[in-house]
Amino acid sequence: MLARKQDNNVTSINVDRAKTAIADFTPRARCYDRYIRPVSHKKLAQGIFDVAKVSKEDRILDIACGTGFVLKYLPPKTYKCGADLCRAMLRNVPTWTDAHKVQAHACALPFHDVSFDVITCIGAINIFDDDELHQVLTEVVRVLKEEGRFIVNVPAFSTPTICDYLLYPFIYPFVKSYNRFLSTISGSNVTIKYYKRDINTVTKIFIGHFDEVKAFTRNDIYRRGMGVKSGFGIVVGNK
Ligand SMILES: C[S@@+](CC[C@H](N)C(=O)[O-])C[C@H]1O[C@@H](n2cnc3c(N)ncnc32)[C@H](O)[C@@H]1O
């Protein structure tokens, strides 16, 4: 375990888990944007920006930004920063996004207190174990400005439509084999554990850290899961 002194708090980082994350995502980085995801990227990004009430004046941090999914859709003039543990993923954030890129562990964010209006963490909140998640939220609250918003996406129960039932058997096996093929050719082997926290669990955890917490399900944000019963929600913590 490493310890980092930060004001009066000591943040400890589980080095083995950090090494696993880097080993998992480094080979994936060059193919990452070719994986098919069960979502319209643009619509998800727009949903996130709407619920976070993102404006051009906001300073935005994307934690575990990967190859810059959120950063790519932010308005061009906004101040944006992507933080990720894996340097190979950061290298693939396009330069045209104008984003500042920082290699950092989410439990020890290298930013001053009260620096950002909006912080996002997409597709990554369930990578953190319970201890890490509490540290991440403590760090987020520290670097968020007064009235700042923190937004994550999480699995949420959704009611399947008839179209989901009809399309699922045809599309899902194809997507799975295509993504498996990409993993094989990139030599990536994802071993990091994803925790099974749904929207209710994450909402309860957020309540312990933020003044106000709101949860949105897929109907609010239009994110369709590829599995018949899968869906995604968004949880927003307001400071
Ligand atoms: C599933 S990807 C999501 C990337 C991006 N947010 C997206 O939606 O495309 C998870 C990302 O989390 C990063 N990551 C894993 N553990 C991390 C940690 N402890 N601190 C910061 N980033 C981490 C990985 O390097 C990877 O880029």
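Every number for a ligand or one of its atoms is a count from 1 in the order of the listing. Everything numeric in this text was worked out from a predicted model, so none of it was measured. The chain is numbered in sequence order, starting from 1.
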- Item | Summary of salt bridge (charged side-chain N to carboxylate O under 4.0 Å, His left out) pairs that have at least one residue in residues 193-207, sequence neighbours excluded | D130-R197
- Is the ring centre of H100 less than 6.0 Å from the ring centre of Y79? yes
- Give a yes or no on whether Y35 atom OH has more than 12 heavy-atom contacts from other residues, nucleotides or ligands under 6.0 Å away. yes
Using a 3.5 Å cut-off on N/O to N/O, what pairs does ligand 1 make with the protein? A line per pair would be great.
unit_1	atom_1	unit_2	atom_2	d
ligand 1	6 (N)	A64	O	2.8
ligand 1	6 (N)	I122	O	2.7
ligand 1	8 (O)	R37	NH1	3.4
ligand 1	8 (O)	I122	O	3.3
ligand 1	9 (O)	R37	NH1	3.4
ligand 1	9 (O)	R37	NH2	2.8
ligand 1	19 (N)	H105	NE2	3.3
ligand 1	20 (N)	A106	N	3.0
ligand 1	22 (N)	L85	N	3.3
ligand 1	25 (O)	D84	OD1	2.6
ligand 1	27 (O)	D84	OD1	3.4
ligand 1	27 (O)	D84	OD2	2.7

- Give the cluster check for L74 versus V93: same hydrophobic cluster or not, with ILVMFWY residues linked at side-chain heavy-atom distances below 4.5 Å. yes
- Query: Would F116 and F111 count as a close aromatic pair, with their ring centres under 6.0 Å?
  - Reply: yes
- Message: Between the side chains of R17 and D131, is the shortest nitrogen-to-carboxylate-oxygen separation below 4.0 Å, so that they form an ion pair?
- Response: no
